[in-house]
S.K.: 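The structure's right below; bear with me while I get my questions together.
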Amino acid sequence: MNWQSDANKTITAFAPTLDRWYQHHKRDLPWRHTRDPYRIWLSEIILQQTRVAQGRPYYERFIEAFPTVADMARADERDLLRLWQGLGYYSRARNLHKTAKYVTQELGGQFPETYASLLALKGIGTYTAAAIASFAFGERVPVVDGNVYRVLARVFGVVDDITTTRAKKLFADLATRLIAFARDPADYNQAIMEFGAIQCTPGAPDCLLCPLQQQCRAFLTGQQHKLPVKAKKVPVKQRFFNYLVFRNNGQLAMRERTAKDIWQQLYDFYLIETDEPTEALRDLALPVASEPVVQTEAVDRFPEAGQQLLSHQRIEAKFWMIDVPDALKNALPEGLQWYTPDEIGRLPKPVLITSYLRQKFG
DNA sequence: AATGCGGGGAG
DNA sequence: CTCCCAGCATT
């Protein structure tokens, strides 16, 4: 039996084997009880680059707050971002709102029903379009996500670097061949992702109890821990944030982040970024309006420290609380506004800011 | 083809 | 520590 005919046999047996495995290992997840494209769309956007365990409570809260796409379309974008707070990749929330409005206002509340038309919506790429098309409408189009790359790379011994365009096409083509043998495209797509999440895991795949063990090129050659091949990512950038937390009469000065940077449309404080960690307030180039304030009214001579690890940046933050006298409260730097504690609670904020507020004010 | 974008959990 | 998660948009 040569390798080629082994591979062909594996291809025809792959989907049925996963389907069988799935029947016994399927988790009970809320978005598996519906074919409502709105709910499936919402769950898929939430789950982009996000583990099920992390995304699930957000899904529940979103469905509670916005039971239909029309409800979401009506929402204030700030409230939507506030609900999204802590999930990261906030462009997902902005695109969610944009698409909800588009579907409601331009499509009469009806989601597009094909892979190709779904792909045209903001925030929907190849993976999400395939997921919605198959789960909600039964279209026979394969999902290709991180789980699928891992499972296929191992079972079929694909050593191509999955970050390259060539490999992406190779995996997509393979996935298309495989789904042809599936009984039900939706179940099969769920099955392969579930299999990757539970059985064929990144670190310690459960090969001993794997139904594909004797067909898996990686297992048979002992290479499962080396696949998939993925170019290592760029080193994380270190940044130093110095926050001046202006306070007056129980209110804090905050501003919306609008720059082309992290945390767009979330709220934080007056920020001075430096190339090196700062030890004292006098080392900072302070805003003109705050100078007299800083001389006399700084509350925190030693700042609160904060750390935020992002996948692409490591942020070291320091917070100086500064009491602003009434005489200067209308002289805030451009963009800053006073907010009461209640208002601040309703603003969407990065986790770094929320953590600071919690540790400072409870 | 490269880069930027969050935050958290697992090993 | 490192890796990576039901990826996508922009350049």
Side-chain angles (χ1 to χ4, degrees), chain A residues 27 29-32 40-59 81 84-96 98-99 118-135 142-151 153 161-169 171-172 175 186 188-198 200-205 225-237 239 257 259-266 307-315 348-355:
Chain A
R27 286 174 294 181
L29 300 175
W31 46 85
R32 287 185 175 158
I40 290 168
W41 166 67
L42 174 62
S43 73
E44 293 302 337
I45 301 297
I46 287 174
L47 292 172
Q48 286 169 6
Q49 292 291 282
T50 304
R51 290 174 193 284
V52 166
Q54 188 189 2
R56 182 174 179 161
Y58 284 84
Y59 175 82
L81 276 166
W84 195 270
Q85 181 175 297
L87 249 195
Y89 286 149
Y90 296 94
S91 65
R92 289 184 292 170
R94 299 192 294 270
N95 285 332
L96 201 61
K98 197 172 304 175
T99 294
L118 286 161
L119 201 49
L121 299 177
K122 283 292 180 195
I124 296 185
T126 53
Y127 164 76
T128 306
I132 301 172
S134 62
F135 301 154
V143 293
V144 183
D145 73 335
N147 291 304
V148 174
Y149 282 125
R150 185 169 57 254
V151 172
D161 174 2
I162 63 171
T163 64
T164 66
T165 305
R166 214 175 64 84
K168 284 181 169 65
K169 175 164 172 43
F171 278 95
Y188 165 75
N189 276 338
Q190 294 277 5
I192 189 169
M193 290 192 289
E194 192 84 333
F195 185 77
I198 293 178
C200 195
T201 57
H225 57 286
K226 292 185 176 174
L227 294 173
V229 174
K230 189 178 185 178
K232 52 176 178 290
K233 42 185 204 300
V234 294
V236 300
K237 194 172 136 190
R239 299 176 74 178
R257 293 177 61 88
K260 225 174 99 179
D261 195 356
I262 55 173
W263 302 332
Q264 264 184 65
Q265 288 178 247
L266 275 62
Q307 272 258 5
Q308 182 66 55
L309 293 156
L310 314 182
S311 55
H312 50 299
Q313 299 181 13
R314 182 170 64 223
I315 296 170
K349 301 169 289 296
V351 165
L352 174 66
I353 301 300
T354 306
S355 303

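Letters A, B, ... mirror the listed sequences (proteins, then strands); counts begin at 1.
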S.K.: Is there side-chain contact between Arg314(A) and Leu309(A), with heavy atoms separated by less than 4.5 Å?
M.R.: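 The answer is yes; the side chains approach within 4.5 Å.
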
S.K.: Looking at His312(A), I'd like to know whether one of its side-chain N or O atoms comes within less than 4.0 Å of OP1 or OP2 on dC5(B).
M.R.: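 Checking His312(A) against dC5(B): at least one side-chain N or O falls below 4.0 Å of OP1 or OP2.
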
S.K.: Map Thr164(A) and Pro350(A) onto DNA chain B by nearest heavy atom, then report which one ends up closer to the 5' terminus.
M.R.: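 Between the two, 5'-proximity favours Thr164(A).
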
S.K.: When you compare the side chain of Ile162(A) with that of Val229(A), does any pair of heavy atoms fall below 4.5 Å?
M.R.: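 No - every pair of side-chain heavy atoms lies 4.5 Å or more apart.
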
S.K.: When we call it a touch if two heavy atoms are under 4.0 Å apart, what does Asp261(A) touch: a base, just sugar-phosphate, or nothing?
M.R.: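 Sugar-phosphate: the residue Asp261(A), judged by heavy atoms under 4.0 Å, touches backbone atoms but no base.
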
S.K.: Take the protein atom CZ of Arg166(A) and the nucleotide atom P of dA1(B), then report the distance between them rounded to whole Å.
M.R.: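 Whole-Å distance recorded here is 10 Å.
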
S.K.: Looking at Arg239(A) and Asp261(A), is there a salt bridge between them, counting it only when a charged N and a carboxylate O are closer than 4.0 Å?
M.R.: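 Here Asp261(A) pairs with Arg239(A) in a salt bridge, since their nearest N and O are under 4.0 Å apart.
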
S.K.: Between atom CD1 in Ile262(A) and atom C1' in dC5(B), what is the gap in whole Å?
M.R.: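 My rounded result for the distance is 9 Å.
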
S.K.: Phosphate oxygens OP1/OP2 of dG7(B): is one of them under 4.0 Å from a side-chain N or O of Trp263(A)?
M.R.: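 The answer is yes; a side-chain N or O of Trp263(A) sits under 4.0 Å from OP1 or OP2.
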
S.K.: Would you kindly compare Ala204(A) and Lys349(A) by the position of their nearest DNA chain B nucleotide and give the one closer to the 5′ end?
M.R.: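 Its nearest nucleotide lies further toward 5', so the answer is Lys349(A).
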
S.K.: To the nearest Å, how far apart are Tyr58(A) OH and dG9(B) C1'?
M.R.: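 It is 14 Å, rounded to the nearest whole Å.
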
S.K.: Are Ile198(A) and Arg27(A) side-chain neighbours, meaning at least one heavy-atom pair lies under 4.5 Å?
M.R.: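 The answer is yes; the side chains approach within 4.5 Å.
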
S.K.: Can you check the distance between dC5(B) and dC4(C), where both ends of the measurement are the C1' atom (answer in whole Å)?
M.R.: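 Looking at atom C1' only, dC5(B) and dC4(C) are 15 Å apart.
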
S.K.: In whole Å, what is the span from the NZ atom of Lys168(A) to the P atom of dA2(B)?
M.R.: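 The answer, rounded to whole Å, is 10 Å.
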
S.K.: Quick one: Lys237(A) NZ to dC5(B) C1', roughly how many Å, whole number?
M.R.: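 Roughly 12 Å, once rounded to whole Å.
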
S.K.: Measuring only the P atom in each nucleotide, how far is dT11(C) from dG6(B)? A whole number of Å is fine.
M.R.: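 Approximately 15 Å lies between the P atom of dT11(C) and that of dG6(B).
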
S.K.: Rounding to the closest angstrom, what is the interatomic distance between dG8(B) and dC8(C) at atom P?
M.R.: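 dG8(B) and dC8(C) have their P atoms separated by 22 Å.
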
S.K.: Hey, are Arg92(A) and Glu44(A) close enough for a salt bridge, meaning a charged N less than 4.0 Å from a carboxylate O?
M.R.: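 Here Arg92(A) does not pair with Glu44(A) in a salt bridge, since their nearest N and O are not under 4.0 Å apart.
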
S.K.: For Trp84(A) and dG8(B), what is the distance between atoms CH2 and P respectively, to the nearest whole Å?
M.R.: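 Whole-Å distance recorded here is 14 Å.
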
S.K.: Pick base, sugar-phosphate or nothing for Val143(A), based on heavy-atom distances below 4.0 Å to the nucleic acid.
M.R.: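 Answer is nothing: Val143(A) stays at 4.0 Å or more from every strand.
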
S.K.: Holding to side chain to side chain contact (heavy atoms under 4.5 Å, CB included), I want the full list of residues that pass it with Pro30(A), two or more places apart in sequence or in another chain.
M.R.: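 With neighbours one apart ignored, the set is Arg56(A), Tyr59(A), Glu60(A).
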
S.K.: If I take atom CD1 in residue Ile353(A) and atom P in nucleotide dG6(B), what distance separates them, rounded to the nearest angstrom?
M.R.: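 It is 13 Å, rounded to the nearest whole Å.
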
S.K.: Sugar-phosphate atoms are those with a prime plus P, OP1 and OP2; base atoms are the rest. Using that split, label each nucleotide of nucleotides 5-11 of chain C B, S or - for protein heavy atoms under 4.0 Å, 5' to 3'.
M.R.: BBBSSSS

S.K.: What pair of heavy atoms forms the shortest contact from Ile132(A) to Ile124(A), and how long is it?
M.R.: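 Closest pair (atom of Ile132(A), atom of Ile124(A), distance): CD1-CD1, 3.9 Å.
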
S.K.: Measure NE2/His225(A) against C1'/dA10(B) and give the value in whole Å, please.
M.R.: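 The distance from NE2 of His225(A) to C1' of dA10(B) comes to 18 Å, rounded to the nearest Å.
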
